[in-house]
Amino acid sequence: MQIQPDGSLLVREQITFDFSGSFSGANRDIPVRKGESIDHISVSEGTNRYRSGGNTDLGGFALPDSFGVARIHNGVRIVWHYSAGDERRTFTLFYRFRGLAVAYDDVVDVNLNVWGDQWSTGLGSLTAAMQLPRATDLSPSYRVWGSPVWVRGTVARLPDRADLQASLIPSHQFVELRVVFPRSLLTSTAGAQVRNGSGLEKIVASEVASQREFENDRKHIDDAKRHLGRTVLFLLLLGLGPGLALMALVWLLYGREQGTGYDREYEQAPPSETEPALVPPLLRQETTPGSNEFTATLFDLIRRGRYKATPVTTERKIWGGLRHEDLADLQLTLGDTNVQLSEFEQPVAEVVDSVVGADGERLTEFRERIEGDRASNSKRFTSFKEKVTSAIRASGWYSTGGGRLLALGIGVFALAAILLLWTGIHGFRSAAPRWSDVVTVALGGCAAANGASLIFAATRVPLWRRRTAVGQVEAERWEAFRRYLTDFPRLQEAPPATLELWERYLVYGIAFGIAERVLQGAHLHMPEALHDQSSLYWITPNGDLGSGPTALAIGDLSSGFGSALAPPGSSGSGGGFSGGGGGGGGGGGGGAW
């Protein structure tokens, strides 16, 4: 760069490309700010001066030894054409830069990016020289800076010029040379911008502040690394504290169950007519049933006469066929098809109808028959679960306001994480990180961690959803009934007197997953006369559980249904670089094709 007496700069760039393969074009983009302009552009290679008028489209083609100039949204683009392959070529660009120099009352400030941050490739070696209009003394009003400090480089202040050398410059990294000299070296300011007042003190203060900012950044980062335990503690508090606080607030406001004053230990009869498929999800504070609820619904349909059940005995081979045992079983056939079914009972009936057909089927064969048409039956099971969920949601048992608050919190933390991480990462300098960027990235990570914790909390439904007053009373009464069925075999209270109540015991016991406890109680307390009338109790009324014909394990039956119904497949005279820089003009980047 040669500073002219009017403040304009004559710039000569020599760019050496090391080509591997065939190339025919290159470009150089030079940013131009308000008040700046570039003209007198030429391109040459050695003594060969390129012709003007070439194609300016990136990736375009034109005759070799030609160049073109185009105005782009933020500057000037120079495109030149050649023919190269597996060789090293050096091109020279020449232009005049007007308005870059800023003339104050006392000094002239020339701040130029001698290498721009738009280059997508690194640079091994960079040399730059800025020639003064004429030689001057090495006085305090003549200063030279190279920036940024994290680039490996040096500057030298000579009476007639300022030199810069840098090496191993990574891609997308600018290098800045700033020269300040007495205004008396200019004869006019026609090629410069003029600003009133003294500039030296402000320029020096800016460079000192930039240097101090870099040192402060490094001090903060080093302090955080030295006190790693404290840093981790802060990150944990920021990364989990707000999320945990919001979880606690949601639980207090929306998740904590409200007392109803109900204090009975046992309910000796089903407290309401609520179907067996709906009660266990209510006690679990969920909306989705499983295979126990499916099995209980099947037995409830038997109880209500939709299917007929006849006790039979099935022989099962054990020990590889060397022995056999008798297994108590039920032969199911179609019953009264006019029995009114709820929406979620209809898919269960469709599954059973497809199995029993016109001749009926033994309960022990159900799993194999269901698996035989798994594709259709899994759809029916899914329909059963969906319709049970709809029925529970329509019951008014749950208050879900906490879910909306959690969703709002997740959205806020997600948005904060995206904005903070994008801002921090976009401006992050890996060679010399700014403390502000480190904090921004850390806060973004903490926001993401808080959002993740809230997403986890959203999967824990009791944290943000509680039962309504109606639902809580219902749940407490059904919980007392479940306790009664669980303790039933050892209770000395009077057993049920009606067959209907005994059969409802078994149906709800299946739904609760404690059918064996009910069967055990029936062994002990059920009158033989009632047993003989039942289509559900097919066990022997005498002796301990297991004596006589073996009772079919309902737990195994439920789990078998679950698997069968699953979907298939399932300064001085010289020195090093200083400060952060970034205020210089020019720079830009380029490339080749």
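Computed from heavy atoms alone, side chains included, the values below leave out hydrogens, waters and symmetry copies.
- Atoms CZ and OG, on Phe384 and Ser291 in that order, are 9.5 Å from each other to the nearest 0.5 Å.
- Note that CZ of Arg226 and CG of Asp223 are 5.0 Å apart. Values are rounded to the nearest 0.5 Å.
- For Asp353, the salt bridge (charged side-chain N to carboxylate O under 4.0 Å, His left out) partners at least two apart in sequence or on another chain are Arg306.
- With a 4.5 Å cut-off on side-chain heavy atoms, Lys219 and Trp435 do not count as touching.
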Could you please spell out the steps behind the side-chain hydrogen bond (donor to acceptor under 3.5 Å, both in side chains) verdict for Glu476 and Thr260? CA-CA 9 Å; Glu476 289 180 347; Thr260 63; 2.4 Å; yes
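- With a 6.0 Å radius and a threshold of 12 heavy atoms from other residues, nucleotides or ligands, Asp359 has its CG atom at or below the threshold.
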Hey, mind stepping through Trp119 and Ile169 against side-chain contact (heavy atoms from CB on, under 4.5 Å) and telling me if it holds? CA-CA 10 Å; Trp119 288 96; Ile169 303 166; over 6 Å; no
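- Among residues two or more places apart in sequence or in another chain, the side-chain contact (heavy atoms from CB on, under 4.5 Å) test is passed with Leu238 by Leu443, Cys446.
- Here the side chain of Tyr398 pairs no donor or acceptor atom with the backbone of Gly471 at under 3.5 angstrom.
- Here the side chains of Tyr254 and Leu406 are not in contact, with every heavy-atom distance at 4.5 Å or above.
- Remark: Thr288 OG1 to Ile392 CD1 distance equals 7.5 Å, nearest 0.5 Å.
- Side-chain contact between Asp336 and Val339 is present, with heavy atoms from C-beta onward closer than 4.5 Å.
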Determine, stepwise, if the pair Lys308 / Gln331 fulfils side-chain contact (heavy atoms from CB on, under 4.5 Å). CA-CA 8 Å; Lys308 293 180 180 179; Gln331 176 79 16; over 6 Å; no
Go through the steps to decide whether Leu363 and Leu298 satisfy the test side-chain contact (heavy atoms from CB on, under 4.5 Å), and finish with yes or no. CA-CA 11 Å; Leu363 203 56; Leu298 166 60; 4.3 Å; yes
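- Residues Tyr266 and Asp487 have side chains in contact (heavy-atom distance under 4.5 Å, counting atoms from C-beta outward).
- Taking 4.0 Å as the cut-off between side-chain N and carboxylate O, Glu213 and Arg218 do not count as a salt-bridged pair.
- Note on ring orientation: taking the six-membered ring where Trp is involved, the planes of Tyr508 and Trp478 are tilted (angle from 30° to 60°).
- Between Glu265 and Arg483, none of the side-chain N atoms (NZ, or NE/NH1/NH2) sits under 4.0 Å from a carboxylate O, so this pair counts as no salt bridge.
- Separating the CG atom in Asp29 from the CG atom in Asn74 is a distance of 7.5 Å, to the nearest 0.5 Å.
- Side-chain atoms of Thr459 come within 3.5 Å of backbone atoms of Phe456 as a donor-acceptor pair (strictly under, hydrogens ignored).
- The minimum heavy-atom distance between Ser272 and Glu474, with the atom names listed, is OG-OE2, 2.9 Å.
- For the 3.5 Å distance criterion, the side chains of Gln173 and Trp150 qualify, holding a donor opposite an acceptor.
- Proximity of a side-chain donor or acceptor of Ser354 to a complementary backbone N or O of Val351 within less than 3.5 Å is detected.
- Residues Trp422 and Val441 form no side-chain contact, since every pair of their non-hydrogen atoms from C-beta on lies 4.5 Å or further apart.
- Atom CZ of Phe481 and atom CG of Leu283 lie 11.0 Å apart (nearest 0.5 Å).
- Arg256 and Arg466 make their closest contact through O-CD, 3.1 Å (heavy atoms, listed as atom of the first residue, atom of the second, distance).
- Contact check for Ser20 versus Asp86: side-chain heavy atoms found under the 4.5 Å cut-off.
- A salt bridge links Arg367 with Glu371: at least one charged nitrogen is closer than 4.0 Å to a carboxylate oxygen.
- Here Glu343 does not pair with Lys387 in a salt bridge; the nearest charged N to carboxylate O distance is not below 4.0 Å.
- With Arg434 contributing its side chain and Gly427 its backbone, the two residues share a donor-acceptor pair below 3.5 Å.
- Pro280 and Ala511 make their closest contact through CG-O, 3.4 Å (heavy atoms, listed as atom of the first residue, atom of the second, distance).
- In this structure, the side chain of Arg467 does not engage the main chain of Trp397 through any donor-acceptor pair within 3.5 Å.
- Looking only at atom types and distance, the side chain of Tyr262 has no donor-acceptor partner in the side chain of Glu479 under 3.5 Å away.
- Counted by atom type alone, Arg380 and Asn377 present one or more donor-acceptor pairs between their side chains at under 3.5 Å.
- Closest approach of Leu334 and Tyr307 over heavy atoms only: CD2-CE2, 3.6 Å.
- In this structure, Phe344 and Thr389 have side chains that are not in contact, with every pair of non-hydrogen atoms separated by 4.5 Å or more.
- At least one donor-acceptor pair closer than 3.5 Å links the side chain of Arg304 to the backbone N or O of Gln340.
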Show, in sequence, the C-alpha distance, side-chain angles and deciding distance for Phe381 and Val348, and conclude whether the side-chain contact (heavy atoms from CB on, under 4.5 Å) test is met. CA-CA 7 Å; Phe381 186 48; Val348 179; over 6 Å; no
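- A donor-acceptor pair shorter than 3.5 Å cannot be found between the side chains of His220 and Asn216.
- Residues Ser399 and Thr468 are in side-chain contact: their nearest non-hydrogen atoms beyond the backbone lie under 4.5 Å apart.
- Closest of all the heavy-atom pairs between Pro281 and Glu293 is CD-OE2, 3.6 Å.
- The two residues Trp464 and Ala458 make their nearest non-hydrogen contact at NE1-O, 3.0 Å.
- Of the possible donor and acceptor atoms, none in the side chain of Thr440 sits under 3.5 Å from a partner among the backbone N and O of Leu420.
- Around the CD atom of Glu368, the shell of radius 6.0 Å holds no more than 12 heavy atoms that belong to other residues, nucleotides or ligands.
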Between Glu273 and Arg504, is a salt bridge (charged side-chain N to carboxylate O under 4.0 Å, His left out) present by the stated rule, with each step listed? CA-CA 10 Å; Glu273 296 299 321; Arg504 292 188 72 191; 3.6 Å; yes
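- Listed for the Ser383 side chain is no donor-acceptor partner under 3.5 Å among the backbone atoms of Lys379.
- Ion pairing between a basic and an acidic side chain is recognised when a charged N comes within 4.0 Å of a carboxylate O; Glu365 and Arg362 show no such pairing.
- Atom OG1 of Thr486 and atom CZ of Arg517 lie 7.0 Å apart (nearest 0.5 Å).
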